[in-house]
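Encoded as structure tokens, the structure appears first; notes follow it.
Here is how names work: the chains are called A, B, and so on, in the same order as the sequence lines, proteins then strands, and each is numbered from 1. Heavy atoms only: backbone and side chains are in, while hydrogens, waters and symmetry mates are out.
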Protein chains: 2
Amino acid sequence: MNKTIYDVAREAGVSMATVSRVLNGTAVVKDETKAKVQAAIEKLAYRPNAVARGLASKRTKTIGVILPDVSDLFHAEVLRGIEDIATMYQYHIILTNSDAREEREIDLIGTMWEKQVDGLIFISEQITKEIVKTFEQAQLPVVLCATEDPEGRIPSVSIDNESAAFDAAQFFLSKGISSIAFIGGPTSHRVTMERRSGYERALSAAGQPLQDTLILHAPDMKYEGGLDTVDRFLQAGHRAEAVVAASDELALSYLNAIRDRGGNAPDDVLLIGFDNTRLSKMVRPDLTTVAQPTYDLGAVSMRLLTKLLNDEPIDDYTVRLPHSIIERASTDRG
Amino acid sequence: MNKTIYDVAREAGVSMATVSRVLNGTAVVKDETKAKVQAAIEKLAYRPNAVARGLASKRTKTIGVILPDVSDLFHAEVLRGIEDIATMYQYHIILTNSDAREEREIDLIGTMWEKQVDGLIFISEQITKEIVKTFEQAQLPVVLCATEDPEGRIPSVSIDNESAAFDAAQFFLSKGISSIAFIGGPTSHRVTMERRSGYERALSAAGQPLQDTLILHAPDMKYEGGLDTVDRFLQAGHRAEAVVAASDELALSYLNAIRDRGGNAPDDVLLIGFDNTRLSKMVRPDLTTVAQPTYDLGAVSMRLLTKLLNDEPIDDYTVRLPHSIIERASTDRG
DNA sequence: ATGAAAGCGCTAACAA
DNA sequence: TTGTTAGCGCTTTCAT
């Protein structure tokens, strides 16, 4: 299979430039010669070498994706969205996990440059100055996915996390519930803090005092760490009537911690999760959740990146996708 | 950042060949000149262009991963294992989803060749002749992950699915249970059929007749499709005392179908899942499951591939990782 | 221990 | 409409 464009040219009795033209459609080629070339390609089972092409054209048709952890359900769903649109536009994806460590993220941006990716989709917990600087040095088109740059300098696709959490808290407040807890990731996690802000704004607007003990920060957004965090909370004798969780997994942590003590939702606590991952439908009681269009977050990010890469006109560099609350059994007392 | 190796050479007052040597450590360079070169690299913030390097050396330090669907928990965990080991050996990953469609898989193998990947990790539902042929044409080192080639021609890493399912069925049989159902993916799914074989062998060995109605095939290994399949089964009035499911998600389908009818496990049915995904610990009752070392499946596959790529001696081209049954609440009647 | 020079397989001017 | 030719930025002989 190590044929070159020269072999095809010879076989078809034309010059390599002509072969290149029919391959890329970059210029008009007489139908007759085009047919000859295609026949030669077919006969030799020729496949163009994308690396050589990338070197010559300075475009690799490859985009880099940097995210904390693929084995996280949310990221995996986002990634699937990215990949589908990338395929649609003939791009390939180089994937790397950063574990949300800034040092590693910065390093990865560099190696993505080495790989000559045409662009980058970046998912992280926080966009630091250091990272923005690295983007600029690398001169790579970047789209932030599921986060925003605080300064708004970098194109991004996300939801309005603050108001989404506001809505979630409001959902409970409108039922006359007063003891509402919040559980999120670490305080360094931008999305967690945005959601916490929304939660706090809703409570304040309702004239409720904020209680520190009702604000929980787990080590990350995942189930396992959340379970410990909630366990300690309950162990200390604290209780909440309702919980706004910053991820479905964290909502599940609360649910199971309660359950393992003989309680359940919605009887002993009302739960609202975040993200509408498949998980939220798979547990019983199924979880009320703030639906984030997970797949679309990835798909729209990738679409935005293709626009950036092709200099297509762009309406909005900061895209906010809609969110909504999906009511299920975890908040339904009938 | 678009400096070349020539810029570095000029800055350091040496030839480009020398720069290449210190970059790759391919030959001895005097400490003094090495230092000069490194200073120049530092000063210019030079990064080698991996595409040019790939063209010249014919090795891209990139491997392709073709799998059905990243948003599937099992695949995402495997992928994480692949990625970690790849990083360790300085490889990057080009990821593509095949949706388990053979036509697309064959096409993807071709585009992976175009991308000049050094090797391939392939995860699929079935390894057809057509696919094996494509591997051979592409002349790519391949490792099959979580499946095997029926002919054993292609290196692979998996568990012994047949005996794992045998063990699962045996687990129930040893408790004196006779009405044991099996639920898996479609009959075209190789892993499903291997597991079904194990299940059937166990029943036969125990002198139990196989009942067709107790063998369920869902459209895939995921929760949603399984739910429909189980619903129809229960709707038809069928019941089982215990269920061997070919994935944790399918076990969950059965659990929720029963639950939505007011039943539960382990009271009304005993459930054993497959894969020990995080999911199995996140639901209540938590699922007894046949633990497949998911992450390791990916990690070991990637390690095997690096051996293939570096002509390291290989003990075994068909690696079978150990499985085990992890007992949890879904089979525990106390 | 270092340099000169020939490719790797393609794209993209520039000619014709 | 087609061919010629010069790179793209590196690795890798082959000299020295």
Residue pairs, two or more places apart or on separate chains, that pass side chain to side chain donor-acceptor pair (under 3.5 Å) and touch residues 85-96 of chain B:
B:Y89-B:R303
Mind checking what makes salt bridge (charged side-chain N to carboxylate O under 4.0 Å, His left out) contact with A:R190, not counting sequence neighbours?
A:E194
In a table with atom names and distances, give each donor-acceptor pair under 3.5 Å that connects a side chain of residues 50-59 of chain B to protein atoms at least two apart or in another chain.
{"unit_1": "B:S57", "atom_1": "OG", "unit_2": "B:R53", "atom_2": "O", "d": "2.8"}
{"unit_1": "B:S57", "atom_1": "OG", "unit_2": "B:R59", "atom_2": "N", "d": "3.3"}
{"unit_1": "B:S57", "atom_1": "OG", "unit_2": "B:R59", "atom_2": "O", "d": "3.2"}

Among residues 50-58 of chain A, which contact DNA chain C at a heavy-atom distance under 4.0 Å?
A:A52, A:R53, A:A56, A:S57
Here the salt bridge (Lys or Arg N to Asp or Glu O under 4.0 Å) pairs for residues 105-118 of chain B, sequence neighbours left out, are A:R47-B:E114
Which residues satisfy the side chain to side chain donor-acceptor pair (under 3.5 Å) test with B:S301, sequence neighbours excluded?
none
Angle between the end axes of the helix from C:dA1-D:dT16 to C:dA16-D:dT1, five pairs per end, to the nearest 10 degrees?
30°
Per the salt bridge (Lys or Arg N to Asp or Glu O under 4.0 Å) rule, what does the pair list look like for residues 11-25 of chain A, sequence neighbours excluded?
A:E11-A:K43
What residues form a side chain to side chain donor-acceptor pair (under 3.5 Å) with A:R101, not counting sequence neighbours?
A:E103
Closest listed nucleotide, where the reference is the side chain of A:I5 and the choices are C:dC10, C:dA1, C:dG3:
C:dC10
Write out a two-atom table: protein N or O, nucleotide N or O from nucleotides 13-16 of chain C, distance below 3.5 Å.
none

Suppose we screen for ring-ring contact (aromatic ring centres under 6.0 Å, His included). Which residues come up paired with A:F74, at least two apart in sequence or across chains?
none
Which pairs with one or both residues in residues 29-42 of chain A pass side chain to side chain donor-acceptor pair (under 3.5 Å), sequence neighbours excluded?
none
Figure out the CG/C1' separation between B:D7 and D:dC8, and round it to whole Å.
14 Å
